Enquirer: 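The following block contains the structure, expressed as structure tokens.
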Amino acid sequence: MKAPVAGRVKTRLGAALGPARAAAMFRVMSANTLARASAGPWRTMLAVDPPGAVAGFENLWPPRFSRLAQTRGDLGARMAAAFAAAPPGPVVIIGADAPGVGARHIRAAFAALAGGDAVFGPAEDGGYWLIGLSRRRAASGLFKNVRWSSPHALADTLASAPAHYRITMIERLRDLDDGEDFAALGARALRRVRPSVAGGGENA
């Protein structure tokens, strides 16, 4: 989760709707994602950027959730660092900009990892809104030569995965990245949801 600061988040959406409105929307999306992501028997952790941006976001990033700082580098480097920093066991990473994500999707991802090595939630734009690894077998080179923020992101990531990996795809969702996405998803995608208390277990 990035701090919802105008001009620093959702810049493509901001180009269509204005930076302040895009940041306000991302604040709602972040709160909704956190509420849904914590509604299951797993441990929810926040990978935040910038690390010290806590003041003013106490309600958005409640202290009851563990935080880890996002590292520098591209998205692949940041996700690899998050996987490495997480406690032992299967890990699922999601973004905060897929309004359709729910606890059932995360539950399905962990179920897929029970018998597999990796799971992806493909996005309609060619990227993905979820990635999970069982971490039973190493995945050196994962995220190598991935064209991020492009229609090739998912295909490139799959190509970088070890050939022996057992990979599952779950439901395809649409990210809210730009004005076209907002027009397609509608304002209903930004309705606030009630937060839930996170349980123990796997790491989401």
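If you read the sequence from its start, that first residue is 1, and numbering goes on from there. Every value quoted in this text rests on a predicted model; they were computed, and no experiment measured them.
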Enquirer: Between D178 and E180, is there a donor-acceptor pair closer than 3.5 Å when you use the side chain of the first and the backbone of the second?
Expert: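 Such a contact is found between D178 side chain and E180 backbone.
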Enquirer: State, with a plain yes or no, whether a side-chain heavy atom of V146 is found less than 4.5 Å away from one of D74.
Expert: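 No, side chains not in contact.
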Enquirer: Given 3.5 Å as the limit, does a donor-acceptor pair link the side chain of R174 with the main chain of A123, or not?
Expert: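 Not at all, since once roles are kept as given, no pair shorter than 3.5 Å links the two residues.
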Enquirer: So R172 and E124, side-chain contact (heavy atoms from CB on, under 4.5 Å) or not? Walk me through it.
Expert: CA-CA 7 Å; R172 184 181 301 273; E124 292 188 6; 3.9 Å; yes
Enquirer: So which atom in T33 and which in G95 form the shortest heavy-atom distance, rounded to 0.1 Å?
Expert: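 Residues T33 and G95, closest heavy atoms: CG2-O, 3.5 Å.
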Enquirer: Are any of the side-chain heavy atoms of M169 and L154 separated by less than 4.5 Å?
Expert: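 M169 vs L154: side chains touch.
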Enquirer: Can you tell me if R36 uses its side chain to pair, donor with acceptor, with the backbone of A31 under 3.5 Å?
Expert: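 Between the backbone of A31 and the side chain of R36 there is no qualifying donor-acceptor contact (under 3.5 Å).
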Enquirer: Within a strict 4.5 Å, meaning less than it, do heavy atoms of the L13 and M25 side chains meet?
Expert: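 Counting from C-beta outward, L13 and M25 do come under 4.5 Å.
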Enquirer: Looking only at non-hydrogen atoms, find the nearest pair between I93 and M79 and report the distance.
Expert: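 The pair with the smallest heavy-atom distance is CD1-O, 3.8 Å.
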Enquirer: Can you list everything that forms a ring-ring contact (aromatic ring centres under 6.0 Å, His included) with Y128? Sequence neighbours excluded, please.
Expert: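 Partners of Y128 under the ring-ring contact (aromatic ring centres under 6.0 Å, His included) test: F120.
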Enquirer: Return yes if some donor-acceptor pair links the side-chain N/O of W129 with the main-chain N/O of G121 below 3.5 Å, else return no.
Expert: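 Looks like yes, one N/O pair under 3.5 Å.
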Enquirer: Mind running side-chain contact (heavy atoms from CB on, under 4.5 Å) on V119 and F110 for me, showing each step along the way?
Expert: CA-CA 8 Å; V119 59; F110 279 123; over 6 Å; no
Enquirer: Can you check whether A37's main-chain N or O pairs, donor with acceptor, with T44's side chain at less than 3.5 Å?
Expert: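 Here the side-chain-to-backbone pair exists.
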Enquirer: Show the numbers, then the answer: is there a side-chain contact (heavy atoms from CB on, under 4.5 Å) between D117 and I167?
Expert: CA-CA 6 Å; D117 296 297; I167 298 173; 5.8 Å; no
Enquirer: So, do D175 and D125 sit near enough that their side-chain heavy atoms are less than 4.5 Å apart?
Expert: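 D175 reaches D125 side chain to side chain.
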Enquirer: Test salt bridge (charged side-chain N to carboxylate O under 4.0 Å, His left out) on D97 and K10; report intermediate values, then the result.
Expert: CA-CA 9 Å; D97 52 7; K10 288 295 160 194; 2.7 Å; yes
Enquirer: May I have the step-by-step check of side-chain contact (heavy atoms from CB on, under 4.5 Å) for D156 and L158, ending in yes or no?
Expert: CA-CA 5 Å; D156 289 349; L158 292 173; over 6 Å; no
Enquirer: Closest heavy-atom contact between T71 and A77?
Expert: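 Between these two residues, the closest heavy atoms are OG1-O, 3.8 Å.
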Enquirer: Could you measure the distance from the CZ atom of F182 to the CG atom of D177? Nearest 0.5 Å is fine.
Expert: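 Rounded to the nearest 0.5 Å, the CZ-CG separation comes to 13.5 Å.
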Enquirer: Please check this pair: side chain of R137 against backbone of H164, looking for a donor-acceptor N/O pair closer than 3.5 Å.
Expert: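 Yes, the answer is positive, given that a donor and an acceptor are paired below the 3.5 Å cut-off.
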Enquirer: If I compare all heavy atoms of P90 with all of L113, which pair ends up nearest, and what's the gap?
Expert: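 So the minimum-distance heavy-atom pair works out to CB-CD1, 4.0 Å.
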Enquirer: Tell me whether the count of non-hydrogen atoms from other residues, nucleotides or ligands lying under 6.0 Å of CZ in R72 goes above 12.
Expert: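 No.
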Enquirer: Backbone N or O of A16 within a donor-acceptor pair of the R21 side chain at under 3.5 Å?
Expert: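 No, because the side chain of R21 does not come within donor-acceptor range (under 3.5 Å) of the backbone of A16.
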Enquirer: Looking at CZ of R147 and OG1 of T157, how far apart are the two atoms once the value is rounded to the nearest 0.5 Å?
Expert: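 Here the rounded value is 10.5 Å.
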Enquirer: Find the distance between OG (S38) and CZ (R43) and round it off to the nearest 0.5 Å.
Expert: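 It comes to 14.0 Å.
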Enquirer: Distance-only, no hydrogens or angles: does the Q70 side chain make a donor-acceptor pair with backbone N or O of A47 under 3.5 Å?
Expert: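 Yes; at least one donor-acceptor contact below 3.5 Å.
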Enquirer: How about L133 and V92: do any of their side-chain heavy atoms sit closer than 4.5 Å?
Expert: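 Not touching, per the 4.5 Å side-chain cut-off.
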Enquirer: Ignoring hydrogens and angles, tell me if any N or O in the side chain of S134 forms a donor-acceptor pair with the backbone of G116 under 3.5 Å.
Expert: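 Checked: pair present.
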Enquirer: Calculate, to the nearest 0.5 Å, the distance between atoms NZ and OG belonging to K144 and S160 respectively.
Expert: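 So the NZ of K144 and the OG of S160 are separated by 10.0 Å.
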Enquirer: Please report the closest heavy-atom contact between A103 and W42, naming both atoms and the distance.
Expert: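 Heavy-atom minimum between the residues: O-CH2, 3.6 Å.
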Enquirer: Look at the side chain of R135 and the backbone N and O of G89, then say whether any donor-acceptor pair between them is shorter than 3.5 Å.
Expert: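 Checked: pair present.
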Enquirer: Is there side-chain contact between N32 and M29, with heavy atoms separated by less than 4.5 Å?
Expert: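 A side-chain contact is absent here, since even the closest heavy-atom pair is not under 4.5 Å.
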Enquirer: First locate atom CD1 of I94, then atom NE2 of H105, and finally report the distance between them rounded to the nearest 0.5 Å.
Expert: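 The NE2 atom of H105 is 10.5 Å from CD1 of I94, to the nearest 0.5 Å.
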Enquirer: Can you tell me how far apart CG (L176) and CZ (R12) are? Round to the nearest 0.5 Å.
Expert: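 If we round to the nearest 0.5 Å, L176:CG and R12:CZ are 10.5 Å apart.
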Enquirer: Taking only residues two or more places apart in sequence or in another chain, which ones pass side-chain contact (heavy atoms from CB on, under 4.5 Å) with P19?
Expert: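 Scan of P19 (side-chain contact (heavy atoms from CB on, under 4.5 Å), adjacent residues dropped) gives A6.
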Enquirer: How far apart are the closest heavy atoms of P4 and V9, and which atoms are they?
Expert: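 It is CA-CG2, 4.0 Å.
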